[in-house]
Amino acid sequence: MAAMSADIRLPDWVEAWDMPTAPVSDVEAMRLAIALAEENVARKTGGPFGACIRHDASGAVIGVGVNLAVSSGNPLLHAETVAISMSGKRLIAGPAGVTLFTSCEPCIMCLGASHWAQIGRIVSAASRDDARTVGFSEGAGTPQLRAEMAARGVIFEDGLLRDEGSAVLRRYVGSGGAIYGPQVRGGSS
């Protein structure tokens with residue numbers, strides 16, 4: 001078997017993006033996550049999800065991500081896991097005091113990755129129900145994992161700029177964007 005590897009590469013337009021300078025407020029960080037999702041859809045480089053990670057003490061954005069699952073053929077490359085990966089060494093060096101901002105409430109995989117990355121706070125825009133309404137199924141177990149993480153001190157804040165986050169989902173589906181991932185069959189997820 002040949003050597004195998006996996007590289008995560010953000011689209012060129014993300015690399016050229018004019019990132020905000022520190023300090024970045026919660027609203028500015030969420031606007032960045034939503035703008036990344038919107039641009040990812042507009043440029044047809046992935047799904048309607050964006051994320052960024054902010055170091056809270058400095059207010060600096062230390063990593064960003066967009067959904068690359070379909071464009072890369074790698075189902076693990078959700079916006080949150082990409083942002084965590086792009087923040088890697090900075091998280092390992094000192095994960096305490098970082099917030100993940102995501103354009104939509106994270107799925108169970110992204111919550112698990114956030115747990116292992118020691119993200120202390122997760123702020124989302126669109127809700128899991130908003131994603132389900134347009135056809136995405138985030139799967140079972142999310143409420144239970146959230147409860148366990150909250151019991152360990154992780155702070156969850158949902159609905160920051162929810163209307164803007166859910167509008168990206170609706171525009172994506174309205175423009176013919178493909179629904180990918182697990183599909184709801186005969187009931188709720």
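Positions are given from 1 along the sequence.
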Below 4.5 Å, heavy atoms only, C-beta onward: do [X] and [Y] meet side chain to side chain?
X: Pro48; Y: Arg171; value: no
X: Val27; Y: Leu160; value: yes
X: Val134; Y: Arg170; value: yes
X: Glu148; Y: His115; value: no

Linked, directly or transitively: Ile119 and Leu145 (ILVMFWY side chains, under 4.5 Å): yes
Group every Ile, Leu, Val, Met, Phe, Trp and Tyr by side-chain heavy-atom contacts under 4.5 Å, then state whether Phe136 and Leu76 land in the same group. no
Would Tyr172 and Asn67 count as a side chain to side chain donor-acceptor pair (under 3.5 Å) here? Give the steps. CA-CA 13 Å; Tyr172 173 77; Asn67 182 282; over 6 Å; no
To the nearest 0.5 Å, how far apart are [atom1] in [X] and [atom2] in [Y]?
X: Ile8; Y: Leu68; atom1: CD1; atom2: CG; answer: 8.0 Å
X: Ser85; Y: Leu10; atom1: OG; atom2: CG; answer: 9.5 Å
X: Leu100; Y: Cys52; atom1: CG; atom2: SG; answer: 7.5 Å
X: Cys104; Y: Ile34; atom1: SG; atom2: CD1; answer: 10.0 Å
X: Ile53; Y: Met86; atom1: CD1; atom2: CE; answer: 11.0 Å
X: Thr133; Y: Arg128; atom1: OG1; atom2: CZ; answer: 11.5 Å

Taking only residues at least two apart or on different chains, which pairs with a member in residues 70-84 satisfy side-chain hydrogen bond (donor to acceptor under 3.5 Å, both in side chains)? Glu80-Thr102
Could you check whether any side-chain N or O of [X] sits under 3.5 Å from a backbone N or O of [Y], counting only pairs where one atom can act as donor and the other as acceptor?
X: Ser103; Y: Ala33; value: no
X: Asn40; Y: Ala37; value: no
X: Asp158; Y: Glu105; value: no

List for me each residue that meets side chain to side chain donor-acceptor pair (under 3.5 Å) alongside Trp116, sequence neighbours excluded, and say none if there are none. none
Closest heavy-atom contact between [X] and [Y]?
X: Thr142; Y: Pro106; value: CG2-O, 3.8 Å
X: Phe156; Y: Ala150; value: CE1-N, 4.0 Å
X: Leu36; Y: Gly65; value: CD1-O, 4.2 Å

Test salt bridge (charged side-chain N to carboxylate O under 4.0 Å, His left out) on Asp26 and Arg54; report intermediate values, then the result. CA-CA 9 Å; Asp26 284 3; Arg54 181 189 68 198; 2.9 Å; yes
Donor-acceptor pair between Ser127 and Asp130 side chains, under 3.5 angstrom: yes
